Trainee: 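Just dropping this structure here.
Computed from a predicted structure; not experimentally measured. As a basis for the values below, the full set of heavy atoms in this structure was taken, side chains included, without hydrogen atoms, waters or symmetry mates.
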Amino acid sequence: MVLRFFQNNTQIYGVLALVSIGCKEKVPECESGSGYTETQTVFVEKTDDWGLDAINATGTRISAVDYDGDGWTDLFIRKNDKADNFETGERHSWLLRNTGTGTFEDTTESSGIRQARILETGRPGQVVAFADIDNDGDLDVYTGHNFSGESVESSEILLNNGDGTFSLGSEDNAVRENTVAQTAGASFVDVNRDGIVDLWLGQASAEQDRLLLGDGNGGFTDVTNDWGLRTQAWSSIGPLNRAQGHSVNWSVHACDLNNDGNPDLLAASYGRAPNHLWLADGSGYSNESIASGYAFDENQDWTDNESARCWCSLHPTDEDCAGVPEPSLIRCNSDDDAFRWNHAQDRNAFRLGGNSGTTVCADIDNDGWMDLLTTEIVHWDVGGSSDASELLFNQQKDSVRFERPGNEQTGLVRNHTLTDWNDGDITATVFDFDNDGWKDVYIGSTDYPDTRGLLYRQVSQGQFVPVPLDIGIDHPRSHGVAVADFDRDGDLDMVVGHSSGRCDDDCPESFHARLYENQMQDQGSAGGYLQLSLTGINGSNRSAIGARVEIETEEGIQVQEVGGGYGHYGAQNDLSLHFGVGDACEATVRIRWPDTSLTETEYTLSVNQRYSIVQGEEPDAP
């Protein structure tokens, strides 16, 4: 195993040290599985075995992190923004500790993660993100309280005491909104690479999204305007068409899209409003939403919208109505029939985007650049101008530009044979379930009739095929997802939420989250793997959020970043990174740390191991 250090700056770039490090006591045998086939079961539901049935953890906001630092990934599941009452048993959130024996235990009350300042019951707060805010070696948490008007409780920072319990942070803190606040997304990020995590927050109510700089002690200061992130109220169509109005936020994310070491910021918008992409330069941000292609797709043709057709049928002399076909799927007798159409404004670009639920950053095609996956709600009557869930491939430009090849080309196709179909896509994750070295996609399509979770396997670069339900995830009303190797057997498992809306005869008796164990490692069919848990020091934030990890094997290069939360109302996957490596026996691992100099380290590591790597130190394989 070889360790090398690099320093990036304008004056020096070269080898600073070369250290030869002996191998660990136990080097795993290099074994590769037989590979994925459609004749074997990939995932099996083990909800009852893990105790989730008995705990009845009911919710669709799911985070998977090791909050107590014992090496086993835990869960934080939330249902809504109501307060828990532990005395009466009225519950809305569950912090579940992974015992390491294949079960979870409910530690919500004992951990203090729901302690309140005023209420005698548990404090509300459904938007969640974890990071080591004070750099003391354990994960702290932001919990966002989504409310309008006055509230007796607020959003909060809770600091980890190091023993699996939390204490409320300072009362004098910019995260503690006390007027209008409908936070819908949260992501920790170190925007200035000073070794202290900051916080990127999205607002669901067409209010100003916010960037808060951390002070390293749990305090935060709003720097939104100073960093060039100011947007406008919804009062003028021109700025809205240019994506200069407030987002209607349903999720945020932070990742480095042009490989310059500075984290860029994303805000995904509901209501067919433009998504926002903010390009970083190290001291501020510029709005690249439209130019990048992230704001919305290029289809601006509204004339196949059934409600628009109805309107023009009733008002044929209105602007742009000449030649618009008659509606073919809805009756049209009055203006009330055009229930999804405002002719004065809906022909504008800012109303011809998507109902975006989640954006995921990931290097989908293994070219070393972060791509995007967006999820979208699309209804049958709205037509092709409503953006669909799709992949956006990074074109490797400093200014950040994306190509949208479309679902017919990538294979993320849907069954739209029904007249009244709906795509209720809100949540998603990207992960390599078969360890073949290519990332796969799961889309949580929620509670419209006939919707379900959609698992796609990447079979070649940028090409996907559906995984059959009988061997994959057969989960209707899927909403909320988190991925981790919960049983630490070398393949990634999934926890999936279960939406309770729009119930008819297809809803279960209980809406608790379900755990699906990956069976490929047990069956000898998974490829090899490499798991890396990073700790930043020497100028990097302790959680290593923003670290860029590249692994290279004879099968190619893969890139991942350590993330600080993403997605609809706060999703998060394990901060430990999992790479599938196929048939490879070793990998060259290059880490670019998120400090001011973008320090790089390089290692050669054996596969089928879980490594802990402290910046500048020898990797440890416990």
Trainee: Residues two or more places apart in sequence or in another chain: which of them pass side chain to side chain contact (heavy atoms under 4.5 Å, CB included) with Asp84?
Mentor: Phe86, Arg91, His92, Ser93, Thr108, Arg114
Trainee: Any donor-acceptor pair under 3.5 Å linking the side chain of Asp487 with the backbone of Asp493?
Mentor: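 Checking the backbone N and O of Asp493 against the side chain of Asp487, no donor-acceptor pair under 3.5 Å is found.
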Trainee: Listing request: all disulfide bond (SG atoms under 2.5 Å apart) pairs with a residue in residues 416-459, at least two apart in sequence or in separate chains.
Mentor: none
Trainee: Do Thr410 and Phe393 come within less than 4.5 Å of each other through their side chains, counting heavy atoms only?
Mentor: yes
Trainee: Ring pair (Phe, Tyr, Trp, His ring centres under 6.0 Å): which pairs involve residues 462-482, sequence neighbours left out?
Mentor: His475-His498, His475-Tyr516, His479-His568
Trainee: Salt-bridge test for Arg401 and Glu288: reply yes if a basic N is under 4.0 Å from a carboxylate O, no otherwise.
Mentor: yes
Trainee: Do Pro508 and Arg514 come close enough that some side-chain heavy atom pair is under 4.5 Å?
Mentor: yes
Trainee: Under 3.5 Å, is there a donor on one side chain and an acceptor on the other for Asp318 and Trp311?
Mentor: yes
Trainee: Do Glu517 and Trp50 have a side chain donor and acceptor closer than 3.5 Å?
Mentor: yes
Trainee: Any non-hydrogen side-chain atom of His315 less than 4.5 Å from a side-chain atom of Asp335?
Mentor: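 Yes. Closest side-chain heavy atoms under 4.5 Å.
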Trainee: Could you check whether Gln203 and Ser205, counting side-chain N and O atoms only, form a donor-acceptor pair closer than 3.5 Å?
Mentor: no
Trainee: Taking side chain to side chain contact (heavy atoms under 4.5 Å, CB included) as the definition, give me every residue that meets it alongside His379, ordered by chain and number, with sequence neighbours left out.
Mentor: Arg340, Ile377, Asp381, Val382, Asn422, Tyr448
Trainee: Would you call Arg309-Asp304 a salt bridge at under 4.0 Å N-O?
Mentor: no
Trainee: In the structure I gave you, are the side-chain heavy atoms of Leu455 and Val42 within less than 4.5 Å of one another anywhere?
Mentor: no
Trainee: Below 4.5 Å, heavy atoms only, C-beta onward: do Trp421 and Asn415 meet side chain to side chain?
Mentor: no
Trainee: Return the CG to CG distance between Asp297 and Leu352, rounded to the nearest 0.5 Å.
Mentor: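 With rounding to 0.5 Å, CG (Asp297) is 9.5 Å from CG (Leu352).
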Trainee: How would you list, by chain and number, every residue that makes a salt bridge (Lys or Arg N to Asp or Glu O under 4.0 Å) with Asp447, sequence neighbours excluded?
Mentor: Arg502
Trainee: Are Thr451 and Ser445 linked by a side-chain donor-acceptor pair shorter than 3.5 Å?
Mentor: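 Side chains of Thr451 and Ser445: no pair found under 3.5 Å.
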Trainee: Check His246 against Ala206 and note the closest heavy-atom contact, atom names and distance.
Mentor: CD2-O, 3.0 Å
Trainee: Going by atom types alone, do Asp425 and Ser389 pair a side-chain donor with an acceptor below 3.5 Å?
Mentor: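 Yes, because at least one side-chain N or O of Asp425 sits under 3.5 Å from a partner of the opposite role on Ser389.
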Trainee: May I ask you to decide if the ring planes of Phe433 and Phe431 are parallel, tilted or perpendicular, using 30° and 60° as cut-offs?
Mentor: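 The arrangement is tilted - the two ring planes meet at 30° to 60°.
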Trainee: Less than 6.0 angstrom separating the ring centers of Trp94 and His512, yes or no?
Mentor: no
Trainee: Side chains of Asn573 and Thr429: does their closest heavy-atom pair fall under 4.5 Å?
Mentor: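 They are in side-chain contact.
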Trainee: Between the side chains of Ser525 and Gln40, does any donor sit under 3.5 Å from an acceptor?
Mentor: yes
Trainee: Are Gln126 and Arg78 close enough that a side-chain donor and a side-chain acceptor fall under 3.5 Å?
Mentor: no
Trainee: Side chains of Glu326 and Ser313: donor-acceptor distance under 3.5 Å anywhere?
Mentor: yes
Trainee: For a quick check under 3.5 Å, do Asn348 and Asn241 share a side-chain donor-acceptor pair by atom type?
Mentor: yes
Trainee: Please test Arg61 against Asn80 for side-chain contact (heavy atoms from CB on, under 4.5 Å), starting from the C-alpha separation and ending with a verdict.
Mentor: CA-CA 8 Å; Arg61 290 53 162 123; Asn80 51 38; over 6 Å; no
Trainee: Are Phe104 and Leu75 packed together at the side-chain level, in the sense that at least one heavy-atom pair is separated by less than 4.5 angstrom?
Mentor: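 The answer is yes; the side chains approach within 4.5 Å.
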Trainee: State which residues pass side chain to side chain contact (heavy atoms under 4.5 Å, CB included) with Asp49; sequence neighbours excluded, sorted by chain then number.
Mentor: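 Residues passing side chain to side chain contact (heavy atoms under 4.5 Å, CB included) with Asp49: Lys46.
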Trainee: Inspect the contact between Arg404 and Glu390 and indicate whether a charged nitrogen and a carboxylate oxygen are less than 4.0 angstrom apart.
Mentor: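 Yes, Glu390 and Arg404 are salt-bridged.
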Trainee: We want to know whether Asn435 and His578 form a side-chain donor-acceptor pair, criterion being a heavy-atom distance below 3.5 angstrom.
Mentor: yes
Trainee: Just do the side chain to side chain donor-acceptor pair (under 3.5 Å) check on Asp53 and Thr47 with the steps written out, would you?
Mentor: CA-CA 6 Å; Asp53 282 330; Thr47 307; 5.3 Å; no
Trainee: Could you pull out the closest heavy-atom pair between Ala204 and Val248, with the gap in Å?
Mentor: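 Reported closest heavy-atom pair: O-CG1, 3.4 Å.
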Trainee: For Phe350, enumerate each residue passing the ring pair (Phe, Tyr, Trp, His ring centres under 6.0 Å) test, keeping only those at least two apart in sequence or located in another chain.
Mentor: Trp234
Trainee: Apply the test side-chain contact (heavy atoms from CB on, under 4.5 Å) to residues Trp302 and Asp346: give CA-CA distance (whole Å), side-chain angles for both, the deciding distance (0.1 Å), then the verdict.
Mentor: CA-CA 8 Å; Trp302 51 268; Asp346 287 354; over 6 Å; no
Trainee: May I ask you to check whether Thr359 and Tyr294 show a side-chain donor-acceptor distance below 3.5 Å?
Mentor: yes
Trainee: As a test of understanding, state which of Ser289, Ser251, Ser292, Ser356 forms a side chain to side chain donor-acceptor pair (under 3.5 Å) with Asn275.
Mentor: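 Of all the options given, the one that passes is Ser356.
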Trainee: Out of Leu372, Leu391, Asn394, which one pairs with Ile364 under the side-chain contact (heavy atoms from CB on, under 4.5 Å) rule?
Mentor: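 When side-chain contact (heavy atoms from CB on, under 4.5 Å) is applied between Ile364 and each of Leu372, Leu391, Asn394, only Leu391 qualifies.
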Trainee: Under 4.0 Å between a side-chain nitrogen and a carboxylate oxygen: does that hold for Lys439 and Asp371?
Mentor: no
Trainee: Using the disulfide bond (SG atoms under 2.5 Å apart) rule, collect all pairs that involve residues 323-362, keeping only residues at least two apart or in two chains.
Mentor: Cys255-Cys361, Cys310-Cys332
Trainee: Evaluate the side chain to side chain donor-acceptor pair (under 3.5 Å) criterion for residues Asp209 and His276: first the C-alpha distance (whole Å), next the side-chain angles of each, then the deciding distance (0.1 Å), finally the verdict.
Mentor: CA-CA 10 Å; Asp209 297 331; His276 286 177; 4.5 Å; no
Trainee: Going by side chain to side chain contact (heavy atoms under 4.5 Å, CB included), name the residues that satisfy it together with Ala571, two or more places apart in sequence or in a different chain.
Mentor: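 Only Tyr566 meet the side chain to side chain contact (heavy atoms under 4.5 Å, CB included) criterion with Ala571.
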Trainee: Do the side-chain N and O atoms of Asn98 and Thr73 include a donor-acceptor pair separated by under 3.5 angstrom?
Mentor: no
Trainee: Scan side-chain atoms only and decide if Thr224 and Gln208 contain a donor-acceptor pair under the 3.5 Å cut-off.
Mentor: no
Trainee: Give a yes or no on whether Asn342 atom CG has more than 12 heavy-atom contacts from other residues, nucleotides or ligands under 6.0 Å away.
Mentor: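 For Asn342, atom CG is crowded (more than 12 foreign heavy atoms under 6.0 Å).
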Trainee: Please answer whether the main-chain N or O of Pro274 pairs with a side-chain N or O of Ser269 as donor and acceptor at a distance below 3.5 Å.
Mentor: yes
Trainee: Of all residues at least two apart in sequence or in a different chain, which pass the salt bridge (Lys or Arg N to Asp or Glu O under 4.0 Å) check with Arg272?
Mentor: none
Trainee: Kindly write out the residues that satisfy salt bridge (Lys or Arg N to Asp or Glu O under 4.0 Å) with Asp440, not counting sequence neighbours, or none if the list is empty.
Mentor: none
Trainee: Would Thr183 and Arg210 satisfy side chain to side chain donor-acceptor pair (under 3.5 Å), going step by step from the backbone distance to the final call?
Mentor: CA-CA 10 Å; Thr183 304; Arg210 304 170 68 201; 6.0 Å; no
Trainee: Can you name the residues that form a salt bridge (Lys or Arg N to Asp or Glu O under 4.0 Å) with Arg123, not counting sequence neighbours?
Mentor: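 Arg123 satisfies salt bridge (Lys or Arg N to Asp or Glu O under 4.0 Å) with no residue once adjacent residues are dropped.
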Trainee: If you measure from OH on Tyr569 to CH2 on Trp250, what distance do you get to the nearest 0.5 Å?
Mentor: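 Those atoms lie 7.0 Å apart.
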Trainee: Looking only at non-hydrogen atoms, find the nearest pair between Arg414 and Asp423 and report the distance.
Mentor: NH2-OD1, 3.6 Å
